[in-house]
Amino acid sequence: MQKVYTLRTLPGSKSSEIPDWMADLNPQQQAAVMHSGGPSVIIAGAGTGKTKTLVYRVAWLLEKGIPVNSILLLTFTRKASEHMLARVSAFNQAGGQVTGGTFHSFSNLVIREFGHHIGYGANFTILDKGDAQDRVDLLRNQLLQNLPKTRFPKKGTLLDIFSSHRNTGRPIEDIINSEYPQFQHLLDPIEKLFTGYQDHKKRYSLADYDDLLFLCRDLVRDHESVRTALNKRFKYILVDEYQDTNPVQAELVERIAGPDGNLMVVGDDAQSIYKFRGADFKNFLGFPERYPNAAVFKLEENYRSVQPILDVANSVMSQAAEKFEKTLFTKKPEGQLPVLITAPDENYQNQFIISRILDLREEGIPLSQQAVLFRSARNSYSLELELNANHIPFEKRGGNKFAESAHIKDMISYLRLLMNPKDVVSWNRVLQMVDGIGPKSADDIIRMLEESGIDNRVSEMVSPRYRTQLTLLLDTLTAWTADKEFKAIVDELIRFYRPVFEKRYFEDYPKREKDLDAFQAVSLKFSSIESFLSHLALDPVSFTQEDTLGTHADEAPLILSTIHSSKGLEWHSVFVMDLLDGILPSTFTLDKTEDLDEELRLFYVAVTRAKENLYLVYPGIQFHRQFNNYFTKPSRFITSLPDRLLEKWMLSAADDASTETKQIE
DNA sequence: CCGTACAATGTTTTT
DNA sequence: CATTGTACGG
């Protein structure tokens, strides 16, 4: 059954004098920009100038004489944050100094400053997903020696359970019963492991992504001095993509703003796609209930897409079981009908996308104004191979992060030890890189080091097989600790690591080699280990982009992206690929209406990224390993669209786009 | 106990 | 397909 809600819009503050530079805003945008103070919410559909409104808002505050350092601009993803800050500073020079970033990076700074109240020094270590998994694995082996490994959930699964528990507040038992019933009998050890993991992080000054938010929330909630300090510091708080904040993030900003604070939140319930992280789009629309005096602004005029694309978007959303009433419209009525392409198989799908992209480039649409979007990072693997074969430069967003690759983690481990010599997992990694040291010896050595710190006397108590090498390692680390010059340390680190690297990744080290240079290149931008490591954990995208890929490319690259990572961005032409039932919507969501709705919103996000051209593509058949069968059905989200909204192209096996494929076979 | 070679296994999305 | 578990020789 469909549930449709309507929302009442309260008038914002009226102002008679509208500055000239705001002439290109519509009345609703102007009202939001010039909102006098107190809580407010902007409900902004896709492409309705949400970012622009926020940027102008900052400019307006500055013009009114609000000090730039009392403005806080929070976003949910790194890309959105970069994008927004760049626009703010392009608009107003002083705007570059606005405090801004993701919730996680902001929390990081707060904890570094005030963490001593809760036992976190300024030099605590941030754990990315892989690090956190290593910790859980280590503890699993320590705490649960009597349990058979094979029947026990893997580290990744464990961490997912923990994270879900913390972000949604659901008890671990509930999560296991509903999503992992095969582990029901292991509830006790899993809960024990969770407690062990929490203790471990506290003891060794570690914080995973969830901790950043929780620790910061705790500081603001439980320590009046911290709360007061932040209340005084940030007088105007703006939050973008608010529909994706989870309860902890919401509590955090609301506490910093205070009950009557100037908190402005912006979002779009239709683009809520982070339920798995505890976000609920209904919280966003509940904002006016929590703040009865909040002003509500609603933006519905779309400036991005041509009407035929919006027709598809509106029709997509109309399929949602639960939604708020909203219809996007535009004054850009002209435009191509979006195209639905049925390709015989995956190869034809790739060939079609590539030849179409090249055609568009011929017509004058640069590669960087085109994007290929997909549900999950792996959907694009085969397309990436083809793009390489055709020498088309591309940048991929989403999926594996540069800083998560094994060889980069190796180098990070050395640096971590310099910052935090008690870091057991980094010791574990670093020690096992010494020839002849395996899990057991590493464990023994760590026990000894826990008492003595980095001290080469330890080597004397150790097997002669690796004594020399261990001494060298410990001496080197000691020397680096003494040496304050960060740049020199990185230099030496690379020299020290290279032989290990070549042996450890003998199979494919030439391919990984350029990453070592990239690592060094990026490190040059930082003056301390701490800031470098925080950056790597919280901001890995710019890393890949600038330094691994196209610094030397003569053409701005095509964008490949997961739909999740594409939110907030726009391109002239957009391809959405692999639109099959089982991929989008994913098989994991088919039996729950709520989850299915979220997949639908995901499709909506994909569609609304396009300005002029939209191509919806699916292969007629695709092999799926896990289920050992074929997906053959196009996504239910496209088959349910009215015919008149789409042009339909059938690629047949005879089409010339496929000649290359045929030759390979 | 370490390192390697091979088989098995299970795969969303992000900070 | 990449990670994780197992078997075996040094």
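Residue numbers begin at 1 in each chain, while the letters A, B, ... track the order of the sequences.
At the heavy-atom level, A:I437 lies under 4.0 Å from the strands shown only through sugar-phosphate atoms. A:D208 comes within 4.0 angstrom of nothing in the nucleic acid, heavy atoms only.
With B:dT11, B:dT15, B:dT14 as the choices, the nucleotide that has an atom nearest any side-chain atom of A:S565 turns out to be B:dT14. Closest to the A:K129 side chain, of the nucleotides B:dC2, B:dT12, B:dT15, is B:dT15. Comparing B:dT15, B:dT12, B:dC2 by their closest approach to the side chain of A:Y209 singles out B:dT15. For A:S441, whose side chain is taken as the heavy atoms from C-beta onward, the closest listed nucleotide among B:dT12, B:dT13, B:dC2 is B:dC2. Comparing C:dT4, B:dT15, B:dC2 against the side chain of A:K154 picks out C:dT4 as the nearest. The side chain of A:F588 approaches B:dT12 more closely than any other nucleotide in the set C:dT4, B:dT13, B:dT12. Distances from the side chain of A:H564 to the nucleotides C:dT4, B:dT13, B:dT12 place B:dT13 closest.
Per the geometry, CD belonging to A:E404 stands 14 Å off C1' belonging to C:dA2, to the nearest Å. Straight-line distance from the CZ atom of A:F214 to the C1' atom of B:dT15: 13 Å, rounded to whole Å. Taking atom CE of residue A:M433 and atom P of nucleotide B:dG3, one finds them 13 Å apart after rounding to whole Å. Across the protein-nucleic acid pair, A:L158 atom CG and C:dT4 atom P stand 12 Å apart, rounded to whole Å. Distance A:Y466 OH to B:dC1 P: 10 Å, rounded to the nearest Å. Note: CG (A:D578) to P (B:dT11) measures 20 Å, nearest angstrom. Atom OH of A:Y505 and atom P of C:dT3 are 10 Å apart (whole Å). Spacing between atom NZ of A:K155 and atom P of C:dA2 amounts to 15 Å, rounded to whole angstrom units.
Contacts of residues 268-277 of chain A with DNA chain B (heavy atom under 4.0 Å): A:Y274, A:F276, A:R277.
Proximity of A:T589 to the phosphate of B:dT12: no side-chain N or O atom is located under 4.0 Å from OP1 or OP2.
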*Report the C-alpha distance between A:L139 and A:L193 in whole Å, list the side-chain angles of each, state the deciding distance to 0.1 Å, and finish with yes or no for side chain to side chain contact (heavy atoms under 4.5 Å, CB included).*
CA-CA 7 Å; A:L139 292 165; A:L193 195 54; 3.9 Å; yes
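You'll find the side chain of A:F124 stays beyond 4.5 Å of the side chain of A:N420, heavy atoms only.
Nearest-nucleotide mapping onto DNA chain B: of A:T562 and A:V434, the residue sitting toward the 5' end is A:V434. Each of A:Y381 and A:G156 was matched to the nucleotide of DNA chain C holding its nearest heavy atom; the match closer to the 5' end belongs to A:Y381.
For the salt bridge (Lys or Arg N to Asp or Glu O under 4.0 Å) test, residues two or more places apart in sequence or in another chain that qualify with A:R166 are A:D208, A:D211. Remark: A:T468 pairs with no residue by the side chain to side chain contact (heavy atoms under 4.5 Å, CB included) rule, at least two apart or across chains. In this structure A:R498 satisfies the salt bridge (Lys or Arg N to Asp or Glu O under 4.0 Å) test together with A:E513, sequence neighbours excluded. When the side chain to side chain contact (heavy atoms under 4.5 Å, CB included) test is applied to A:E179, the partners found at least two apart in sequence or on another chain are A:R170, A:I175.
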Could you list the donor-acceptor pairs under 3.5 angstrom formed by side chains in residues 589-596 of chain A, with sequence neighbours left out?
residue, atom, partner, partner atom, Å
A:T589, OG1, A:S586, O, 2.7
A:D595, OD1, A:K275, NZ, 3.0

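Ring centroids of A:Y209 and A:F103 are separated by 6.0 Å or more, keeping the two rings apart.
Side-chain atoms of A:R378 and base atoms of B:dT12 include no donor and acceptor less than 3.5 Å apart.
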